[in-house]
Engineer: 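First the structure, then my questions, so here it is.
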Amino acid sequence: MKKLFLGFLSIFLVFSMLAACSQTSSNEGSGDSGSKDGKKRFAIVFKNTGNPYGEKQMDGFKQAIEALGHEAILKAPDQPTAEAQIQMIEELISQKVDSIAIVGNDPDALQPALKKAMDQGIKVLSLDSAVNAQSRMVHVNQADPVAIGRVQIEAISEMIGGKGQIAVLSATSQATNQNAWIEQMKETLKDPKYKDIELVKVAYGDDLRDKSVSETEALLKSYPDLKGIIAPTTVGIAAAGKVLTDKGLKDKVHLTGLGLPSEMAEYIESGVCDWMYLWNPIDVGYLAGYAADALVNETITGKVGDKFSAGDLGEKEIVEDGDGTQIMLGDPFKFDASNIAEWKEVY
Amino acid sequence: MDQVNKKPFSWKGFFLQWEWMLILLFLVVNVINTNLSPFYLDSVGLRDATMTFLDKAFMVFPMVMIMILRDIDISVSSTVALASVVMAHLYTLGVPMELAVVICLAVGAVCGLINGLLIVRFKELSAVIVTLSTMIIYRGIAYIILEDQSAGSFPEWFGFLGWGYIGGVPFILIAFVVMAVLFGLLLHKTTFGRRIYAIGNNPTASRFSGVQVDKIKIIVFMLAGVMAAITALFLTSRMGSTRPNVALGYELDVIAMVVLGGISTAGGKGKMIGAIIAVFLIGFLRYGLGLINMPAQVLMIIIGLLLIVAVMVPNLKPKAKAKGKPPKSQDQQIAG
Amino acid sequence: MTANNGQKGTLIENIAKFREVGLLGFIILLSVVIQWRNSSFLTLENINDMITNTAILSILAVGMMLVIITRGIDLSIGATLALSGMIAALTVGAFPNLNPILAVLLGTLVGLVSGVILGAIISKGGVLPIIATLGMMYIFRGLTFMVSGGQWVSAHQMPDSFKGIATGSFLGINNLILIAVLIYVAFYYFINHTRTGRQIYAVGSNPDSAKISGINHDKIIWLVYTIMGGLSGLAGVLWVSKFASAQGDTASGYELTVIAACVLGGVNIAGGSGKISGIILGSVLIGIMNNALPLINVSPFWQTGIQGSIILIAVVLNALVKRGVDMNALMRRRI
């Protein structure tokens with residue numbers, strides 16, 4: 001009993017000491033809005049760390065922010081979860097940043113946290129992987145999902161000669177971007193000119209190398225007449241490329257999708273993948289940086305029709321996106337044998 | 001007769017305990033954090049920081065008991081996911097939220113019950129393999145229910161759980177403290193708690209002494225399930241929605257908090273207060289380093305070093321002294 | 001009674017003595033069911049794919065078995081694998097003319113160093129294996145991200161000789177399978193026919209008795225984690241070569257799969273027992289699941305649930321059968 005009492009007493013003392021310290025420091029610091037030496041602070045939160053695509057996006061963001069004379073804060077959690085991002089948002093709120101640009105791990109789970117940020121005057125926007133319209137002021141989209149879905153179907157159709165069975169190898173079953181693009185692919189396939197193409201299966205490789213390999217091998221065995229694979233995820237398309245190479249199926253099964261030029265260089269040069277698409281993540285980050293600045297300056301408020309200048313990318317206009325609004329970067333970019341050598345060193 | 005084993009109270013003995021080491025570490029971490037960032041010592045910030053890590057901390061209490069019992073439960077994160085998914089899905093189907101919350105707790109209890117039953121019925125199976133399989137199964141059921149959808153749009157009052165304050169103190173912190181007191185009393189001041197230590201120290205002797213080992217194990221695993229469901233409530237409230245892939249990796253975080261708190265996996269040792277201090281230690285360390293936007297990879301290394309160094313340092317000194325002495329055992333105290 | 005059946009009963013007797021017969025039976029049953037759902041399961045090509053994909057898992061299972069036998073656990077193998085794979089990949093990227101065998105040795109060396117550090121922390125530092133390996137997991141994973149500089153090493157940066165380690169074959173058998181077989185033969189001999197090998201079992205069975213018998217407890221523990229580290233390092237190079245890619249989060253969470261393979265194979269988590277034949281079966285079951293689940297035409301959302309159920313059923317079945325086998329063993333003792 002004595003020990004328990006002494007234990008609680010000491011913890012109580014510790015907490016009251018902390019409380020006393022914080023009273024003095026918050027009295028000193030409460031007048032200050034949080035920016036040191038006058039610089040505004042813009043934060044970007046990516047999905048996870050150690051991801052070259054994310055690194056490039058954050059680089060582009062940083063480039064834009066520093067060109068505008070502000071300070072950039074780059075954050076990425078070690079696990080691609082929404083829970084980790086909520087923690088980071090709280091940390092940014094405590095740092096009283098001016099703006100948060102987020103690449104969401106989940107479209108809805110960040111809503112209460114981002115609303116709290118917005119209620120405190122922080123300008124919130126999303127990029128690449130969108131959060132729902134209530135969680136943000138505007139979304140920076142790399143390309144129109146309708147275009148992304150359509151262009152991959154067009155590609156595979158051309159590669160397989162307009163008829164045959166195709167399959168999709170996606171990321172996780174919860175991946176919002178991929179799910180949206182696959183929806184658009186299915187919509188595109190309803191067009192009569194694709195009536196001879198059959199989508200037999202959507203497999204989930206979970207963005208894990210080994211699982212993506214197993215799923216690809218299973219597709220090839222379950223559907224011996226398979227003509228084409230679309231993999232709208234960087235890990236998936238690289239894994240499928242490796243499997244097709246190892247099994248020597250180069251011209252029998254065609255491959256396209258969305259991939260990193262560095263990961264796919266080997267397979268595009270060998271012809272296993274005739275061409276594929278992506279966009280420049282540096283530009284996406286860069287555009288988000290300018291958009292964040294425009295929001296903080298109140299040049300734009302995130303409603304349809306607002307226009308702002310995005311540095312080297314020129315004038316951008318906000319357009320509609322379901323319940324919310326978005327800014328488009330452009331169209332998906334095609335990578336094939338002619339330009340892959342140049343791009344594989346970039347990202 | 002029962003005074004034989006009681007050592008006289010010594011200040012040195014009292015302060016040389018693991019829990020005081022943790023409090024010292026906690027103070028050190030706070031001092032470092034304060035110097036790293038001007039935003040740290042802000043009562044609002046610190047208060048809100050607790051809301052980010054306390055949701056998973058509810059599972060620490062039963063995990064302490066489970067580990068004292070020499071078992072482990074790695075299925076807790078999947079129980080969180082399943083309880084959350086069932087609750088949200090039922091709410092979407094029209095079940096009133098209050099009832100859905102109760103069902104969430106029930107799901108947690110059932111998951112824990114299944115774990116407990118499997119472990120006591122099949123004694124050849126270790127807790128590791130049973131909870132490993134249920135970890136996969138429970139999450140699998142969550143995937144079957146929600147597939148690739150999310151479920152949410154809960155009523156306003158539900159958001160109060162994870163975001164609300166009572167008198168300036170976050171509701172989740174109040175709930176945590178209440179649970180901490182309850183579980184602390186349960187473990188240290190009741191016969192049930194004493195029996196848990198007994199089973200952990202020597203399961204065979206306990207069984208032969210009339211302790212109902214099986215029943216206690218089942219109860220403890222059910223508690224783990226219920227606390228996982230409580231975590232589910234707070235987590236879902238924090239996110240405003242749920243998916244089958246929530247709470248991934250939570251089991252490792254909980255285990256880290258428990259082992260840092262001084263609970264040995266060899267069983268029979270450890271105090272609840274240790275784990276509680278460890279919760280705040282790790283939580284504020286992450287928060288403080290997050291305030292200076294430390295890259296995730298460096299943060300990982302720091303947490304890893306903390307775990308190892310914190311456990312290793314107290315072991316090094318006494319080991320040097322004890323090298324020449326024969327191993328101590330309980331019998332020696334009675335003998336001399 | 002049973003001994004009087006002469007020659008005829010011996011086969012059944014031998015099967016009945018085999019503790020993992022339940023698991024073997026379950027694997028056969030499962031294979032039949034899958035083959036019925038998709039007849040391309042039991043084809044040579046598929047079996048080859050399956051064994052190749054399971055080779056790395058089985059190599060890790062050997063090391064994990066030794067660790068578990070000594071009443072320990074190693075949660076850091078995924079991170080060690082990633083670290084050694086990343087270092088090997090970066091090295092061959094910078095020096096494309098490096099002999100692939102040297103790359104393999106480099107990776108194994110990285111793993112061995114990690115194992116030595118880990119073993120020291122556990123045996124000399126007195127830290128519990130779960131804490132030490134959990135902490136090292138975080139540290140190694142962080143190091144992997146730092147070493148990679150946030151980038152991945154892609155196929156075009158790896159010389160063909162390196163990629164050929166995993167895709168090449170010798171005498172018609174894939175390299176990975178050969179390496180796995182070599183390791184199994186070597187460790188089978190080590191565990192069953194060398195003193196050190198038997199000492200590992202002794203330490204796990206009863207650490208106190210082992211110490212009193214003069215076995216160097218600390219050295220054995222250190223050795224076991226070093227071996228695990230070395231095997232993880234080797235697995236890392238093989239993994240990166242097989243997938244022609246090195247990422248920071250490679251094999252994240254893989255340690256649970258390896259532990260599952262071991263425990264399925266009858267390795268007792270309380271220490272002291274475990275057989276090579278068991279972990280072969282355990283790895284095979286996991287390999288079948290990874291290979292076959294996409295083949296049977298079920299909704300992908302059911303995959304996780306089915307996986308967990310298979311593991312649980314396999315384990316429970318094995319326990320029930322083992323009860324029968326042990327009972328049988330007890331009865332046979334009656335003279």
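This structure is a prediction, so every number in the text was calculated from the model and none was measured.
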Engineer: Evaluate whether atom NZ of A:Lys62 has more than 12 neighbouring non-hydrogen atoms of other residues, nucleotides or ligands under 6.0 angstrom away.
Structural biologist: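 12 or below, so no.
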Engineer: Could you tell me which portion of A:Ala76 (side chain, backbone, both or neither) has an atom closer than 4.5 angstrom to a non-hydrogen atom of chain B?
Structural biologist: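 The answer is the backbone of A:Ala76.
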Engineer: Just so I know, are the side chains of A:Asn179 and B:Asp148 near enough to count as touching, which here means a heavy-atom distance under 4.5 Å?
Structural biologist: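 Sidechains of B:Asp148 and A:Asn179: in contact.
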Engineer: A side-chain contact here means heavy atoms from C-beta on lying under 4.5 Å apart; do B:Asn293 and A:Leu92 qualify?
Structural biologist: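 Yes - at least one pair of side-chain heavy atoms lies under 4.5 Å apart.
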Engineer: Given that the side chain runs from C-beta out, which part of B:Leu299 has a heavy atom under 4.5 Å from chain A: side chain, backbone, both or neither?
Structural biologist: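 For B:Leu299, no heavy atom lies under 4.5 Å from chain A.
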Engineer: Any chance you could measure A:Asn105, atom CG, to B:Asn245, atom CG, to the nearest 0.5 Å?
Structural biologist: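 The distance works out to 9.0 Å.
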Engineer: Taking the side chain as every heavy atom from C-beta outward, state whether A:Ser94 and B:Leu291 have any pair of such atoms under 4.5 Å apart.
Structural biologist: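 Yes - at least one pair of side-chain heavy atoms lies under 4.5 Å apart.
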Engineer: With rounding to the nearest 0.5 angstrom, report the CD to CG distance, A:Glu91 to B:Leu289.
Structural biologist: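 A:Glu91 CD to B:Leu289 CG: 9.0 Å, rounded to 0.5 Å.
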Engineer: Donor-acceptor check, side chain of A:Glu90 to backbone of B:Ala49, threshold 3.5 angstrom: yes or no?
Structural biologist: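 No.
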Engineer: Of the backbone (N, CA, C, O) and the side chain (C-beta and beyond), which part of A:Gln87 lies under 4.5 Å from a heavy atom of chain B, both, or neither?
Structural biologist: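 Both parts, backbone and side chain.
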Engineer: Is it true that, when you exclude B:Lys269 itself, more than 12 heavy atoms of the residues, nucleotides or ligands shown sit nearer than 6.0 Å to its NZ?
Structural biologist: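 Incorrect, the count does not exceed 12.
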Engineer: Could you state the interatomic distance from CD1 (A:Ile89) to OG1 (B:Thr52), rounded to the nearest 0.5 Å?
Structural biologist: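 The CD1 atom of A:Ile89 sits 11.5 Å away from the OG1 atom of B:Thr52.
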Engineer: Side chain from CB out, backbone as N, CA, C, O: work out which of these in A:Asp106 comes under 4.5 Å of a heavy atom of chain B, or both, or neither.
Structural biologist: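 Side chain only.
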Engineer: Using only atom types and a distance under 3.5 Å, with no angle test, would you say the side chain of A:Lys75 pairs donor to acceptor with the backbone of B:Gly290?
Structural biologist: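 Yes: the side chain of A:Lys75 pairs with the backbone of B:Gly290.
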Engineer: Considering only heavy atoms from C-beta outward, does the side chain of A:Pro107 approach that of B:Arg243 to under 4.5 Å?
Structural biologist: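 When only atoms from C-beta onward are counted, B:Arg243 and A:Pro107 do touch, with a gap below 4.5 Å.
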Engineer: For B:Glu147, does its backbone N or O pair with a side-chain atom of A:Gln174 as donor and acceptor, under 3.5 Å?
Structural biologist: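 At least one qualifying donor-acceptor pair exists.
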Engineer: Select one option (side chain, backbone, both, neither) describing which atoms of B:Val44 are under 4.5 Å from chain A's heavy atoms.
Structural biologist: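 The answer is neither part of B:Val44.
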Engineer: Applying the side chain to side chain contact (heavy atoms under 4.5 Å, CB included) test to B:Ser150, which of A:Thr176, A:Asp108, A:Asn132 qualifies?
Structural biologist: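 Among A:Thr176, A:Asp108, A:Asn132, the one that satisfies the side chain to side chain contact (heavy atoms under 4.5 Å, CB included) with B:Ser150 is A:Asp108.
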Engineer: Among A:Ser173, A:Pro112, A:Ala175, A:Pro77, single out the residue with the greatest number of heavy-atom pairs under 4.5 Å to chain B.
Structural biologist: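 It is A:Pro112.
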